[in-house]
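On a predicted model such as this, the values are computed, not experimentally measured, just so you know. Letters A, B, ... mirror the listed sequences (proteins, then strands); counts begin at 1.
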Amino acid sequence: MKQFDYENAKTIGEAVNLLNNSSKNVRPIAGGTDLIPRMRNGLLEPDILVDIKNIPELNILSINGDLLEIGAAVPLYRIYEEERITKSYPALIDAIKNIGGIAIQGRATVGGNLCNAAPSGDSIPALIVHEAMCIIAGPTGQRILPVEDFCTAPGKTALGRGELLTTIQIKHPPHNTGSCYNRFIPRNEMDIAVTGVAASLMLSMDRTQIENAKVAIGAVAPTPLLVKAAGEVLVGNAPTEEAWGKAAIAAQSAARPITDVRGSINQRKHLVGVLTKRALRKAYLRAIGEMEI
Amino acid sequence: MTTEFKVIGTKPIRPDVIDKVMGRAIFAPDIMISGLLHGKILRSPYAHARILSIDTSAAEALPGVYAVITSKDLPQTPADNAELKYSRDNFLAGEKVLYEGHPIAAVAADSIHTAEDAIKLIRINYEILTPIMDMREAMKENSPKLHENIRLKSLGQDNGRPGNISLHVQHILGDPEKGFAEADEIVDREFTTTMVHQGYLEAQSSTVLWNPDGNLTVWTTTQGAFSVQSEISRILDISLSKIRVIPTEVGGAFGSKLRIYIEPVVVLLSKFANRPVKITMTQSEVLKATGPTPGTIMRVKMGAKRNGKITSATAELYFEAGAFPGSTAGGSPRLIFTEYDIPNGQVDAFEVLVNKTHVGAYRAPGDVQVTYSMEQVVDELAQKVNMDPIDFRLINVAHEGSISISGTIHKKIGAQQVLEAVKNHPHYKSPLKEANMGRGVAFGYWPNNGRDSSCIINVNSDGSVTLVTGSVDLSGTRLTIAMQAAEVLGISVDQVKSSVGDTSSIGYTGSSGGSRTTFATGLAAIQAAKDVINQMSIRAASLLNVPVSEITFERGFFTTSTSSSAKLSFSELAGKLNQTGGPITGKGNVSPSSWGAGFACHIADVEVDPETGKVSILRYTAIQDVGKAVHPTLVEGQMQGAVVQGIGWALWEGLFYDTQGRMLNSNRLDYKIATFVDIPHIETELIEVPSPFHPFGVRGVAEPAFVPPTATIANAVADALGKRIYSLPMTPEKILRTMDVID
């Protein structure tokens with residue numbers, strides 16, 4: 001591993017100043033569960049690591065009114081141990097329980113999963129269907145970006161020089177909403193998603209119609225994708241197998257997978273369909289209160 | 001020997017377990033010596049290339065670098081000693097690199113980071129050659145050759161033409177064609193498997209201290225300190241007397257640590273740096289450049305009469321050797337069909353060179369592959385003659401005196417008892433039928449092994465003893481050997497301090513492998529314990545004033561036949577050794593020529609998700625003839641661990657390469673072994689048919705347990721799908737393609 005300097009930022013301003021360095025390769029570190037292995041393998045060789053774990057705002061985990069705020073340095077276990085979150089954001093909980101094992105979950109962060117921008121990042125499709133917003137601090141102030149626009153390519157994000165993801169905000173889902181993230185892995189744990197799909201559904205008061213729907217897919221394109229067409233074919237329809245099938249076809253046509261050691265194009269295309277239907281079925285059961293997280 | 005045991009068959013706690021649970025056990029990377037330097041090996045990024053030049057000057061000039069070595073620093077190899085040349089070339093490449101990860105140079109520096117920087121400064125000019133990644137490709141007449149001096153050894157014959165086939169072995173029994181002509185049903189199938197890694201988590205790691213007087217000490221993780229000693233001697237032309245090898249605790253081996261990969265390199269670095277040096281391989285280096293089990297292409301044909309009797313069996317077996325000759329191709333043909341009494345047959349095995357790492361041993365080497373193929377053909381044949389798969393096997397099962405196609409004459413074996421136990425097991429009798437579920441069985445044989453072992457026992461004044469063997473403890477053998485000594489000495493096992501010696505403290509002992517250790521080193525311990533008793537009987541005779549011929553030792557007491565009141569306990573007498581002639585050391589040196597083979601039969605229930613192709617193991621039962629279970633919990637652990645490894649091999653594992661010979665999954669994320677949540681509870685049933693070649697009836701248990709699992713799961717998956725997959729691993733993608741769900 002190449003030698004690097006370590007800076008312990010205490011405020012957002014300090015971190016932004018350290019990151020806004022034109023001559024050095026500077027990377028923020030929160031949990032480090034992706035960053036450190038990549039440094040060890042020589043895939044990343046930063047000159048300076050800015051530790052953001054000790055910035056108070058980045059450790060906030062709060063529900064204020066109908067707004068959930070997750071600081072970018074909040075480890076995963078804090079999120080899934082918070083009952084108010086698990087009840088309202090099941091897709092996110094499905095996703096973060098899939099990231100690593102228990103030891104990793106004690107350290108890894110949703111912010112890091114997002115900034116790592118892996119096409120297979122489990123939390124990202126879930127955040128997309130939860131309509132999460134990214135709060136970004138930078139040299140010229142703060143900006144807000146919908147999560148589906150955050151990842152721009154494998155390992156690349158919309159963050160410019162000196163910018164830092166500080167908080168993820170998610171509005172409380174309306175009544176009669178259910179969501180789910182599910183993925184396919186060959187084993188039962190410790191794998192990277194071959195394909196992942198998140199879905200959320202909002203039903204009418206009498207639960208006979210879909211009023212709002214979102215489907216997001218992972219590991220089948222350079223970035224996790226919001227499949228707008230899949231949501232659109234669902235809205236206005238009854239929550240039936242037929243509807244799930246149509247959404248699955250829409251999701252499959254949005255998928256642009258590659259073949260690699262983890263899966264082939266055909267397998268991934270096929271799995272997008274299977275997992276979209278499974279995610280929607282589960283989201284529906286959760287929307288009508290018949291399935292816990 | 002009485003069959004009423006006091007110690008054998010009990011379940012005491014392993015002596016190493018507290019240290020291991022508390023993180024105090026000393027593994028090879030834990031070795032720290034004053035002045036220690038860190039080594040790093042420069043490895044080839046190409047699978048096949050000629051080395052045109054190596055320039056190490058920039059690396060040597062880097063501050064903090066103490067030594068840089070290449071193949072030039074190895075001793076000169078005589079031109080006619082190809083075997084030694086291959087061995088040396090695998091430590092540091094000579095003219096060519098033959099696989100991705102092939103070592104070329106090594107550096108010792110004051111920190112691992114400096115060493116990593118230094119190897120990047122070594123400049124190498126390559127002429128890149130076409131890599132041969134596939135056996136079918138390698139065997140073509142016009143394919144590029146890995147070695148110019150290898151000519152097809154067909155049945156030991158040199159055909160004069162360079163090629164990539166380095167061995168052909170053949171066994172014939174009876175008249176195979178006549179046997180097929182007598183058959184009512186014939187099944188003829190081809191199977192392929194990929195190279196598979198042993199999956200041990202502890203990477204190879206060695207520390208060497210070279211002294212200016214030419215003596216050197218090696219701390220290393222190995223299955224046999226003496227084989228490390230002799231390999232260093234052979235590779236570097238150093239006298240055995242100058243090499244002391246101290247084996248550390250081992251974090252998994254399964255055959256991989258029978259061969260060495262770094263020790264001679266570390267010796268040279270320590271010599272040139274004049275400092276102690278340590279190299280610990282990375283997981284990626286381990287996966288790319290140690291010895292996996294070979295990939296195979298296997299054509300198996302078997303015929304049977306409608307009454308279930310197998311009339312003939314033939315097999316054509318191709319084993320990937322990797323970059324150098326030497327694989328299980330020589331031995332595996334002796335393992336196929338050996339479970340059964342078949343009158344006619346032929347086995348041909350070939351070893352094929354490809355641009356992958358040189359293969360090594362993996363638990364029941366070669367046997368897993370050949371049994372995987374044979375037991376599926378047996379299953380199909382049983383179906384064709386409309387027979388229960390266990391009944392079919394019982395009709396054909398080998399017995400004492402049966403002669404296998406390769407000429408093995410079975411001694412006393414428990415093969416039939418194992419199959420009968422399967423038939424009577426509640427698992428086998430239980431109903432199974434939901435859609436997408438399947439059940440499979442498979443039967444396996446492993447010959448086990450004997451070989452050389454040494455043991456010494458020293459008697460302490462309080463009646464306890466210290467016991468030292470040369471057998472590295474991979475699986476609790478310190479305890480199972482101590483239990484055998486305690487049984488003979490009539491003391492409790494916690495009175496035996498059992499430890500593993502180094503090459504300077506104990507007599508020659510072969511490596512822990514071939515499922516031989518509890519059997520063979522156990523025999524050495526029994527002999528050493530008897531030696532102790534004999535020597536102590538002489539002391540007892542002098543104390544009791546009787547001729548030694550009148551002393552008997554029973555149940556912990558030395559007694560005389562003349563007086564019932566005159567007796568000495570073991571511990572009483574131990575306290576009087578210094579008054580009667582001084583300390584007593586018992587010794588045992590054995591080289592058993594016969595040992596008991598092991599048979600195992602497994603049952604698996606699986607469920608396949610028809611939409612994703614994912615296989616779940618619902619229930620698994622392992623039944624095995626274990627001879628006599630010295631420590632039943634440890635035996636069960638061996639059986640269960642073997643199944644866990646077999647599940648990984650069946651469903652996910654393999655070394656996968658691109659067309660350029662670069663490994664695609666040289667990390668622990670993409671090299672997928674079974675995790676704890678992927679395995680069911682594995683039920684076990686121990687059948688005890690004592691081996692006649694051990695006083696307690698001990699047979700090897702670790703490898704027989706690993707022979708059936710891949711075939712068992714393959715048969716279960718075939719039952720669930722109604723269709724068979726003829727290759728490993730049975731990945732979800734392959735299952736979806738087999739079921740025509742995807743293209």
Counting only heavy atoms closer than 4.5 Å, note whether [X] contacts chain A via side chain, backbone, both or neither.
X: B:D609; answer: side chain
X: B:D743; answer: both
X: B:K734; answer: neither
X: B:L736; answer: side chain

**Request:** Just give me the residue among B:N665, B:V741, B:I112, B:T612 that pairs up with chain A most often, heavy atom to heavy atom, under 4.5 Å.
**Result:**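 Greatest number of close heavy-atom pairs with chain A: B:T612.
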
**Asked** When only pairs under 4.5 Å are counted, which of B:D658, B:L664, B:L669, B:T675 shares the most heavy-atom pairs with chain A?
**Response**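 Highest number of heavy-atom pairs under 4.5 Å: B:L669.
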
**Request:** Return the option, out of A:D191, A:L271, A:V194, with the maximum number of heavy-atom pairs under 4.5 Å with chain B.
**Result:**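 The answer is A:D191.
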
**Asked** Does the side chain of B:K614 reach to within under 4.5 Å of the side chain of A:N188, using non-hydrogen atoms?
**Response**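 Of all side-chain heavy-atom pairs linking A:N188 with B:K614, at least one is under 4.5 Å.
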
**Asked** Does any non-hydrogen side-chain atom of B:H113 lie less than 4.5 Å from one of A:M1?
**Response**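 A side-chain contact under 4.5 Å exists here.
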
**Prompt:** In this structure, are over 12 heavy atoms from other groups packed under 6.0 Å from A:R107 atom CZ?
**Reply:**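 12 or below, so no.
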
**Asked** By a 4.5 Å heavy-atom criterion (distance strictly below it), what part of A:R262 contacts chain B: side chain, backbone, both, or neither?
**Response**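 Looking at A:R262, just its side chain touches chain B.
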
**Request:** Measure the spacing between CZ of A:R187 and CG of B:L651 and express it to the nearest 0.5 Å.
**Result:**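 If I round to the nearest 0.5 Å, the distance is 11.5 Å.
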
**Prompt:** So how far is it from B:T731 OG1 to A:Q267 CD, rounded to the nearest 0.5 Å?
**Reply:**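 Between atom OG1 of B:T731 and atom CD of A:Q267 there are 7.0 Å.
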
**Request:** Begin with the C-alpha distance, continue with both residues' side-chain angles, and end with the deciding distance and a verdict on salt bridge (Lys or Arg N to Asp or Glu O under 4.0 Å) for B:E611 and A:R278.
**Result:** CA-CA 11 Å; B:E611 287 188 317; A:R278 289 183 180 182; 2.8 Å; yes

